Every structure is written in structure tokens, then in C-alpha cells.
Amino acid sequence: MSRQIPFKLVLLGESAVGKSSLVLRFVKDQFDDYRESTIGAAFLTQTVPLDENTTIKFEIWDTAGQERYKSLAPMYYRNANCAVVVYDITQTASLEKARTWIRELQRQADPSIIIALCGNKTDLSIRRQVTQEEAKKYAEEEGLMWAETSAKTGEGVNEIFTAIARKLPLDAPPRAGAARAGGAKGVDLNRQSASTPNEACNC
Ligand code: GTP
Ligand code: MG
């Protein structure tokens with residue numbers, strides 16, 4: 001008997017690191033060179049087949065990275081089964097911001113949350129500021145999954161979402177309506193259209 005299991009996934013990270021672009025790549029296999037900054041958050045879904053009987057349905061909250069939306073984030077990571085915290089490999093400061101989000105998730109999200117640290121924009125590696133070694137070491141110390149991606153080329157994007165899907169606890173189904181437990185109540189999300197993601201998985 002085939003089953004589709006929903007899991008809530010939240011994307012966090014500094015503005016312009018490519019969260020929406022990663023989602024757009026993952027959900028629609030598209031990329032925009034000129035994406036508008038997300039307002040509030042965007043909601044999208046995508047399925048990942050695990051085996052012939054089981055499909056994971058990701059219910060994705062793509063949050064806005066601009067500072068003025070920071071206070072909304074807990075609504076989206078609360079009850080999330082997994083989080084992708086994105087930084088831009090060409091911007092050291094964006095890894096610092098990612099560390100801040102990870103500390104907040106470790107303190108305030110569900111203790112069972114699966115966290116993946118994602119270094120995006122590998123197509124710009126000529127401008128790289130964050131080494132793979134540094135990010136990987138930090139991820140190992142914190143027990144996080146880690147991968148590098150390029151939403152632009154698609155490198156690593158499906159891989160990171162698939163790796164997360166494989167780590168999800170299928171025996172303990174998510175709470176009913178988990179994906180909607182966060183922001184959908186009485187909040188004007190100003191939804192945007194889907195976005196895209198990318199690759200390089202060490203998970
Ligand atoms: P906020 O919504 O403001 O939080 O930003 P975001 O993290 O969603 O970033 P977004 O996806 O809007 O991307 C910001 C800019 O980076 C856009 O111009 C994208 O085209 C570009 N971009 C995103 N991913 C990549 C990538 O992998 N490579 C390159 N070269 N550019 C990228
Ligand atoms: Mg965005």
C-alpha cells in the first residue's frame with residue numbers, strides 16, 4: 001500500500017543567500033537571475049519518492065531573510081520537522097548569520113528537528129570566502145547535515161532535499177497538520193510564487 005507522508009520544512013538564512021532560489025530549483029527546476037526579496041514567507045510543496053511504497057511530501061516555508069521579518073521566524077520553525085539554514089559561500093557574514101539561526105533553532109525549535117546547513121552559490125566559487133573545511137567542521141561539531149549547492153546550476157539541490165527525506169523518522173509520523181501549525185493562522189503571508197534551490201551533499 002503506498003503512502004505519502006507530510007513533513008514541514010523551513011528555510012532560514014540571511015537575505016539574498018538564495019533560499020527562494022533553492023526552493024524554486026527544487027520545486028520547479030527553474031532559476032531567476034533577478035529574484036525579488038521574499039515578503040513575509042512563501043509556502044510551496046514538493047514530493048520526494050523514497051521507495052515504491054513511500055513518498056515524502058515536503059511542506060516548505062521559505063522565510064524572508066530581511067531583518068524586519070525576523071520576529072516572524074518562530075511561527076515557521078515551530079513544529080518544523082526539518083530546517084535548511086542557508087549561507088552564501090561568497091559572504092562570510094552569511095555563515096555567521098546561519099550560526100545565529102542554528103543556535104536559535106537548537107534552543108527553541110522542536111528538539112527532534114533535523115537541521116541541514118547549506119552553502120549556496122557554488123557556481124561563484126571564484127569568489128568563495130567560506131571554505132568547505134570550515135563549514136563542514138562546524139556542522140560536524142553541531143551534529144548538522146551539511147551540503148553545498150548552486151540554485152543557479154542545480155548542483156546539489158535535489159541531493160540535499162533527498163538526503164533530508166531519508167533522515168526523517170517514518171515510524172513516528174508528524175503531528176497532524178504539522179505543516180500548517182506555524183504561520184497560517186491569522187498572518188498575512190503575502191505569499192510569493194515558488195523559488196528554487198541547489199547541490200553538493202555531505203549528508
Ligand atoms: P530573501 O528572500 O530576501 O531572504 O533572499 P533569498 O535568500 O530568498 O535569496 P534569493 O533566492 O531571492 O536570491 C538572491 C539573489 O541571489 C538573486 O538575484 C538570485 O538570482 C541569486 N542567487 C540565488 N542562488 C544563486 C546561486 O546559486 N548562484 C548565483 N550565482 N546566484 C544565486
Ligand atoms: Mg526569498
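What you see is a predicted model; the values in this text were computed from it and never measured. When a ligand or atom number is given, it counts from 1 through the structure's own listing order.
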Under 4.0 Å to a heavy atom of [X] - the qualifying atoms of ligand 1, by number:
| X | value |
| --- | --- |
| Asp33 | 17 (C), 18 (O), 20 (O) |
| Thr38 | 1 (P), 2 (O), 3 (O) |
| Leu124 | 30 (N) |
| Gly65 | 1 (P), 4 (O) |

Please determine if [X] has a nitrogen or oxygen closer than 3.5 Å to a nitrogen or oxygen of ligand 1.
| X | result |
| --- | --- |
| Lys152 | yes |
| Ala151 | yes |
| Gly13 | no |

Side-chain donor/acceptor of Gln46 to backbone N/O of Phe26, under 3.5 Å: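 Indeed, once roles are kept as given, a pair shorter than 3.5 Å links the two residues.
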task: Using atom types as modelled and distance alone, determine if a side-chain donor or acceptor of Asp62 lies under 3.5 Å from a backbone N or O of Ala42.
output: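 Not confirmed, Asp62 side chain does not pair with Ala42 backbone.
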Heavy-atom side-chain proximity of Thr100 to Glu104 below 4.5 angstrom: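 No, too far: nothing below the 4.5 Å cut-off.
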Which one of [options] has a non-hydrogen atom at the shortest distance from [atom]?
| atom | options | result |
| --- | --- | --- |
| atom 30 (N) of ligand 1 | Asp123, Leu12, Ile89, Asp32 | Asp123 |
| atom 16 (O) of ligand 1 | Lys19, Glu14, Lys121, Gln66 | Lys121 |
| atom 3 (O) of ligand 1 | Ala42, Ala41, Ser37 | Ser37 |

query: Does any N, O or S atom in Thr38 come within less than 2.8 Å of the Mg ion (ligand 2)?
result: yes
Do we see a donor-acceptor contact under 3.5 Å between the side chains of [X] and [Y]?
| X | Y | answer |
| --- | --- | --- |
| Glu14 | Gln91 | no |
| Ser37 | Gln66 | yes |
| Gln129 | Thr92 | yes |

- request: Report the part of Asn120 in contact with ligand 1, treating N, CA, C, O as backbone and CB onward as side chain, heavy atoms under 4.0 Å; options are side chain, backbone, both, neither.
  value: side chain
- prompt: What class does the angle between the rings of Trp101 and Tyr77 fall in, given that below 30° is parallel, 30 to 60° is tilted and above 60° is perpendicular?
  reply: perpendicular
- prompt: Which residue pairs satisfy the salt bridge (charged side-chain N to carboxylate O under 4.0 Å, His left out) criterion with at least one member in residues 39-53, sequence neighbours excluded?
  reply: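 Not a single pair qualifies under salt bridge (charged side-chain N to carboxylate O under 4.0 Å, His left out).
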